[in-house]
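This is a predicted model, so every value here is computed, not measured. The first residue in the sequence is number 1, and the count goes up from there.
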Amino acid sequence: MPQDPSARMHSISDETERVVDRVLDASRRRILLKDVPLDKPMTPADLARLASGSISPGGLGDARALALFEHVLAPACISVDHPEYLSFIPSAPSKAALAFDLVVSASAVYGGSWLEGAGAVFAENEVLHWLAAEFGLPAGAGGVFVQGGTIGNLSALVAARARARRVRRSVGAAMPESWVLVCSDEAHSSVASAAEVMDVEIVLAPADADGRLRGEAVRAALLEHGDSVFAVVATAGSTNFGTVDHLESIAALKDEHDFWLHVDGAYGLAGILADETRELFRGVERADSVIVDPHKWLFAPFDACALIYRDPLDGRIAHTQSAGYLDTLNQADEWNPSDFAIQLTRRPRGLPLWFSLATHGTDAYREAIGACVRLAREIADEIRSRPELRLVREPDLSVVVFEREGWAMADYERWSAGLLDQQQAFVTPSSHHGRPVTRFAIVNPRSSVEKMSAVLDTMR
């Protein structure tokens, strides 16, 4: 009997079996690749010449489509899991997490509600509860995995303002003319973006000479702006330097002032798992909300940010959506991840991390993070030993910022482009107080002092 053309894509047939086999074979090859290519971007003109026309009425067929991806499109993307990808904040997912990401997609699990995805939600919550305990948050803490730090910060701050409004209403106080959010002048750009989206005023408290926000600077802002301040954002590992704010002195201000403390630990809060850096995070246990991105330094694939509330009810009140078709979810007292952030539809993006943790155990994570910290300290020593280089700041975590004496931004840009052209490393320029610098961001335990030293050799 001839196949219904409308069901071709969804039927189990020789064609679909072939497609699945080819895709799984390609995935296996990439996951188990011992020498990951660094690769580099192509120009729009080159991609248009080599890859245009892939979308057509009849299709290319799976063999040609997969070949186009493997031989043209993928090589035009820099591999963020390459050990010498040292720019921005890289990603180094474990092989177990990468492999299980395939299972998550293949399982057709919706992760927005307990009703539809109870098993997935339970597993994700196991990870969130473990993280909350590591951060010193109370047993009832919990939250949700969202897309990334930008959504995590915004969702937490929306919950913070919602609570501030409730407190004002409960005592019959008027709302301020403008709500105020306090953060460091070195906070991540997503915090300013959240303030813009929320239409709140942002007050930048000055960091100290080491780039660290301290309680004294926050106190001055609180005294100046009073109860218009609904939240203070502290950074646990800044993107540019990996600097951890003085969380303990900031958290101590909660004894004097009523504000929501949010800790943006998208990159750095994973460092609490390592013995070498755990003490840097004292005070995080008093936070009202925190974020940490597993796709950064917890060895999960893109994209995943763990958003955890001290009291999840604050997140639920702020974010639960109401509609007739959602009544069946909202009337039940169940843990629906969609209630805790700005989202409704979601994939269970915390499952690859859950599988990797369940497979390898938490001790393996502690050791891998500690290895990155030790690598950063070793390469910092190497930089310090070279007269032509200057370490800009001692590394808190695993970001090492340095400069080449006498170089302007154009020199850094030529050097960076040459490293990528030679497929030696991906290291980009940055800036600090108007001065051009560069940096090694280390989140891959397979990075090495030897390879990074070879990069430094090219700066002579």
Side-chain angles (χ1 to χ4, degrees), residues 104-105 107-129 131-132 137 140-170 175 179 181 190-191 193-200 230-231 233 260 262 264 266 287-295 302-351 353-354:
V104 174
S105 295
S107 298
V109 173
Y110 172 68
S113 72
W114 185 270
L115 174 65
E116 296 157 284
V121 174
F122 180 88
E124 287 187 313
N125 284 349
E126 288 281 279
V127 179
L128 293 170
H129 294 157
L131 288 172
L137 295 173
V144 60
F145 287 96
V146 296
Q147 175 186 349
T150 296
I151 299 298
N153 283 335
L154 177 58
S155 298
L157 293 171
V158 165
R161 185 177 60 179
R163 188 178 75 174
R165 284 172 170 164
R166 293 197 308 276
V167 170
R168 288 291 189 96
R169 292 191 189 106
S170 69
M175 299 298 164
W179 289 106
L181 165 65
S190 64
V191 178
S193 176
E196 180 72 19
V197 169
M198 297 170 66
D199 194 24
V200 300
F230 73 94
V233 178
W260 178 293
H262 175 63
D264 176 3
D288 295 286
S289 58
V290 303
I291 65 163
V292 61
D293 289 359
H295 63 234
F302 290 113
D303 48 20
C305 165
L307 163 60
I308 303 175
Y309 298 98
R310 182 181 201 84
D311 183 352
L313 183 60
D314 288 316
R316 176 175 280 164
I317 291 173
H319 294 296
T320 298
Q321 297 186 31
S322 297
Y325 69 95
L326 296 175
D327 286 348
T328 188
L329 302 180
N330 295 338
Q331 290 169 1
D333 186 21
E334 294 172 340
W335 193 277
N336 298 320
S338 59
D339 290 343
F340 299 100
I342 299 169
Q343 61 181 3
L344 186 58
T345 301
R346 70 176 293 272
R347 73 192 301 267
R349 51 175 46 87
L351 286 184
L353 174 59
W354 165 81

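Side-chain atoms of Ser113 and Asn336 form no donor-acceptor pair, as typed in the model, at a separation below 3.5 Å.
In terms of heavy-atom proximity, Ser289 sits nearest to Trp260 at OG-NE1, 2.8 Å. Considering every non-hydrogen atom in both Arg346 and Gly111, the closest pair reads NH1-O, 2.5 Å. Contact record, Thr150 with Ser190: OG1-CB, 3.4 Å, taken as the closest heavy-atom pair. Shortest non-hydrogen contact noted between Pro294 and Ala306 is CD-N, 3.8 Å. Smallest separation of non-hydrogen atoms from Gly143 and Asn125: O-OD1, 4.2 Å. The shortest non-hydrogen separation linking Ala132 to Ala141 is CB-CB, 4.0 Å.
Scanning for side chain to side chain contact (heavy atoms under 4.5 Å, CB included) contacts around Ile342 gives Leu154, Ser155, Val158, His319, with sequence neighbours left out. The side chain to side chain donor-acceptor pair (under 3.5 Å) search around Arg310 returns none, not counting sequence neighbours.
In this structure, Leu137 CG and His129 NE2 are separated by 11.0 Å, a value rounded to the nearest 0.5 Å. Note: Tyr110 OH to Leu115 CG = 10.5 Å, rounded to the nearest 0.5 Å.
Ring geometry, Tyr309 versus Phe340: the interplanar angle falls from 30° to 60°, so the pair is classed tilted.
Side-chain contact between Met198 and Phe230: present, with at least one pair of heavy atoms (C-beta onward) separated by less than 4.5 Å. Put simply, the side chain of Val191 does not reach to within 4.5 Å of the side chain of His262, judged on heavy atoms. Using a 4.5 Å heavy-atom threshold, the side chains of Trp335 and Pro312 count as touching. The closest side-chain heavy-atom distance from Arg347 to Ser105 is below 4.5 Å. Inter-residue side-chain proximity for Ile151 and Cys305 is flagged as unmet; no heavy-atom pair is nearer than 4.5 Å. Between Leu181 and Val233 the shortest side-chain heavy-atom distance falls below 4.5 Å. In this structure, Asp303 and Arg349 have side chains that are in contact, with non-hydrogen atoms separated by less than 4.5 Å. Between Val144 and Gln343, some side-chain heavy-atom pair lies under the 4.5 Å cut-off.
Here the side chain of Asp311 pairs a donor or acceptor atom with the backbone of Leu313 at under 3.5 angstrom. No donor-acceptor pair under 3.5 Å is formed between the side chain of Glu124 and the backbone N or O of Phe145. Looking only at distances, a side-chain donor or acceptor of Asp264 sits under 3.5 Å from a matching main-chain atom of Ala266.
Note on Arg163 versus Asp288: salt bridge recorded, some NZ/NE/NH1/NH2 to OD/OE distance being below 4.0 Å. A salt bridge is defined here as a Lys NZ or Arg NE, NH1 or NH2 lying under 4.0 Å from an Asp or Glu carboxylate O, and Arg166 with Asp314 meets this definition.
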